Amino acid sequence: MLLGHWIEMRSVMGASKALEALIKLMPKEAHKIDESGNIIEVTIENLKPGDRILVKSGEKIPLDGTIYEGTSTVDESMLTGESVPIEKNPGMDAIGASVNGEGVLKIKVNKVGNDTYLAQVIQLVRDAETTKSKAQGFADIAAKWLFYVAVVVGLLTIVYWSVTGDFDFALERMVTVLIIACPHALGLAGPLVTSRSTSIAASKGLLIRNRIAFEGAHKIDKIVFDKTGTLTEGNFGVTDIQPANGVSKLELLTLAYSVETQSDHPIAKGIVKEGKEQNLEIDDVKNYRNLAGKGLMATVNGAEISIISPGAMKNNQVSFDEKEYEMLAQQGKTVVFVLKNYELQGMIALADIIRESSYKVIKELNDLGIETIMITGDNKRVANYVGGKLGLSKVIAEVLPHDKSKYVSELKKDGKRVAMIGDGINDAPALAESDVGIAIGAGTDVALETADIVLVNSNPADVLAIIKLSKASYKKTIENFIWAAGYNVIAIPLAAGVLINQGILITPAIGAVVMSLSTIIVAINAQMMKVD
């Protein structure tokens with residue numbers, strides 16, 4: 001029993017590092033602007049509400065606050081799930097631990113300590129983890145009752161044979177009962193299956209961190225998916241190229257590709273990726289400059305090339321096919337316009353690319369009768385487009401972290417078992433709240449540490465392997481428990497001597513062999529577990 005517990009604890013135990021990983025996200029120092037306008041380096045602990053701080057390009061925002069000067073894009077995807085960096089202007093809120101883009105921001109601190117957004121996420125993870133149910137080991141319960149049965153039967157045996165016969169014979173009968181009822185097989189029935197299933201899981205790229213959650217995965221009724229980085233790749237890709245005024249698709253893409261090579265913006269990276277895949281040559285680019293909140297401009301082969309947003313198009317009163325634009329926008333795509341000497345060359349649409357494996361996993365889960373739900377921080381148009389393409393049962397968009405965990409909690413209220421698959425910081429509370437939390441391996445440390453199971457290969461289709469392996473593990477565990485405890489129904493009466501008149505008598509030595517044989521059978525049965 002001790003060996004069994006040791007094997008089991010090796011698989012189940014291990015304190016979560018989710019809270020430590022969350023805390024590490026927050027910068028330790030900040031650039032404080034004093035009353036004279038000087039920049040001084042201070043620790044986060046020394047800041048208080050009302051202080052002013054400077055956040056340089058590429059730095060993490062230290063604390064929650066309000067922007068009072070500067071324009072930039074801020075990447076909040078790891079906190080909110082919004083895949084597109086947010087344009088930030090004076091008067092807008094800034095979230096601590098989000099990453100500033102190319103601009104410089106001046107922020108007035110609003111919240112510090114436990115009041116910050118990230119601190120609240122940490123508390124949600126802590127609360128959800130501490131409320132997880134504690135499963136009582138079935139083997140412990142069965143072994144306890146087997147012990148009681150063995151003691152009672154052993155006492156009855158020695159009393160009966162002492163009264164009717166020789167005391168030495170009676171003592172031998174009692175010892176045989178106690179030997180044959182030794183719960184070796186029962187103590188190893190579960191842990192040996194645990195060891196085998198853990199080995200199979202590792203070979204399939206599944207890291208099981210919580211055995212109790214994994215063993216219940218075969219009873220999942222609903223699976224909740226995050227969008228960005230889970231069902232999608234988390235990166236922009238070109239989906240549509242719509243040229244205008246006689247320009248070819250290749251010419252349009254080449255212009256955009258040449259200019260966007262000068263930028264690190266996520267949209268630029270998507271266009272550059274497409275240009276490289278098509279082996280396009282980069283034209284000579286000069287005088288590159290950003291247009292704050294609008295786009296960018298550069299001189300390409302002597303012509304003035306602009307890549308701007310729909311808002312900038314309308315402000316500059318440049319006409320374009322608004323019907324075509326609206327159709328792309330309704331699909332949740334981000335559209336940019338390419339102008340040459342202020343004349344429209346065409347539009348390019350980009351979107352967070354759906355993983356190819358996502359189509360398979362959603363279809364198979366739907367076929368199994370498991371409800372598929374997507375909860376994302378992204379906007380409704382993007383979410384509904386992705387949900388429609390994949391055939392999800394339900395889509396819930398524009399959800400903040402505390403809402404994600406709340407929705408998961410509500411989904412569990414009808415007695416259904418809910419699994420959650422995600423990869424971001426914003427998913428951590430929901431992963432902890434769910435019955436089975438599954439993290440994409442390429443996700444954040446926080447998501448990985450909070451999850452019950454990690455998909456090492458970052459393939460959401462591996463959730464199907466989790467369900468199959470959980471079913472196989474459950475089946476083998478039940479088989480082992482039935483054998484380990486069930487054989488005693490026959491063996492204990494025989495050990496007590498109920499068939500002595502028919503010439504059947506089990507000696508203590510034979511009892512030891514039978515007991516050992518049951519352990520061997522349990523071990524072999526566990527090793528025979530396979531998953532297609």
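Just so it is clear, the structure is predicted and the values come from calculations on it, not from any experiment. These numbers come from the heavy atoms of this one structure, side chains and all, not from hydrogens, waters or symmetry mates.
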A213 versus V436, closest heavy-atom pair with distance:
O-CG2, 3.5 Å
Atom pair CG/NZ of L368 and K363 - distance to nearest 0.5 Å:
10.0 Å
Heavy-atom side-chain contact between S258 and I282 under 4.5 Å:
yes
Report yes or no: does N100 contribute a side-chain atom to a donor-acceptor pair with the main-chain N or O of G103 at less than 3.5 Å?
yes
Quick one, K204 and L469 - any side-chain contact, counting heavy atoms below 4.5 Å?
no
Contact check, side chains of T73 and E87, non-hydrogen atoms, under 4.5 Å:
yes
Side chain to side chain donor-acceptor pair (under 3.5 Å) against E251, all qualifying residues, sequence neighbours excluded:
S248
Donor-acceptor pair, T66 side chain versus K108 backbone, under 3.5 Å?
no
Quick one: pull up CG in L252 and CG in N245 and give me the separation to the nearest 0.5 Å.
11.0 Å
Is the shortest heavy-atom distance from the side chain of F225 to the side chain of I373 under 4.5 Å?
no
Is there a donor-acceptor contact under 3.5 Å from the side chain of D284 to the main chain of N301?
no
D435 (side chain) donor-acceptor with V418 (main chain) under 3.5 angstrom:
yes
Carboxylate-amine/guanidinium contact K404 E433, below 4.0 Å
no
Has the side chain of K88 got a donor or acceptor atom that lies under 3.5 Å from a matching backbone atom of D93?
yes
Parallel, tilted or perpendicular: which fits the ring planes of Y325 and F320, with parallel below 30° and perpendicular above 60°?
perpendicular
Here the pair of heavy atoms bringing L328 nearest to A349 is CD1-CB, 4.0 Å
Is there a side chain to side chain contact (heavy atoms under 4.5 Å, CB included) between T376 and V382 once you walk through the steps?
CA-CA 10 Å; T376 177; V382 173; over 6 Å; no
Quick one: does R417's side chain have a donor or acceptor within less than 3.5 Å of a partner on K222's backbone?
no
V395 side chain reached by V386 side chain, heavy atoms, under 4.5 Å:
no
Would you name the heavy atoms of D226 and G422 that are closest together and state the gap between them?
CB-CA, 3.8 Å
Contact list for residues 301-313, test salt bridge (Lys or Arg N to Asp or Glu O under 4.0 Å), sequence neighbours left out
R289-E304
Distance in Å, K276 NZ paired with L280 CG, rounded so as to fall on 0.5 Å steps:
12.0 Å
For the atom pair CD1 (I307) and CG (L296), what is the distance rounded to the nearest 0.5 Å?
5.0 Å
Check the pair R52 / Y68 against side chain to side chain contact (heavy atoms under 4.5 Å, CB included), numbers first and verdict last.
CA-CA 9 Å; R52 296 178 298 159; Y68 69 88; 3.4 Å; yes
Take atom NZ of K389 as the centre, draw a 6.0 Å sphere, and report whether it contains more than 12 heavy atoms from other residues, nucleotides or ligands.
no
Is the backbone of G369 close enough, under 3.5 Å, to the side chain of E371 for a donor and an acceptor to pair up by distance?
no
Could you please spell out the steps behind the side chain to side chain contact (heavy atoms under 4.5 Å, CB included) verdict for K60 and V99?
CA-CA 4 Å; K60 286 183 180 179; V99 182; 4.2 Å; yes
Is there a donor-acceptor contact under 3.5 Å linking the side chains of N366 and T372?
yes
Neighbour count above 12 (heavy atom, 6.0 Å) for E277 CD:
yes
Partners meeting salt bridge (charged side-chain N to carboxylate O under 4.0 Å, His left out) with E69 (sequence neighbours left out)
K106
Before you tell me yes or no, could you show the steps for L390 and V361 under side chain to side chain contact (heavy atoms under 4.5 Å, CB included), namely the whole-Å CA-CA distance, both residues' side-chain angles and the distance that decides it to 0.1 Å?
CA-CA 9 Å; L390 291 173; V361 67; over 6 Å; no
Polar side-chain atom of S263 near backbone of E260 as donor-acceptor pair, under 3.5 Å:
no
Can you name the closest pair of heavy atoms from L255 and I305 and give their distance?
CD2-CD1, 3.8 Å
Heavy atoms of S470 and E215 approach each other most closely as OG-O, 3.4 Å
Taking every non-hydrogen atom, the tightest pair across A439 and A451
CB-CB, 3.5 Å
Side-chain contact, heavy-atom cut-off 4.5 Å: Y342 with V318?
no
If we only count heavy atoms from C-beta on, is the L464 to L365 side-chain gap below 4.5 Å?
yes
Hey, is NZ on K333 packed in by over 12 heavy atoms from elsewhere, all under 6.0 Å?
yes
Side-chain donor or acceptor of S72 paired with backbone N/O of V104 under 3.5 Å
no
Using 0.5 Å steps for rounding, measure from the CD atom of E324 to the CE atom of M347.
6.0 Å
Would you say V335 and M313 make side-chain contact, with heavy atoms under 4.5 Å?
no
Hey, what do you get for CD1 (I95) to CG (L63), rounding to the nearest 0.5 Å?
12.5 Å
With respect to I308, which candidate in N316, V338, V336 satisfies the side-chain contact (heavy atoms from CB on, under 4.5 Å) definition?
N316
Please confirm whether the backbone N or O of K416 pairs with a side-chain atom of D414, one donor and one acceptor, at under 3.5 Å?
yes
Take atom CD of E41 as the centre, draw a 6.0 Å sphere, and report whether it contains more than 12 heavy atoms from other residues, nucleotides or ligands.
yes
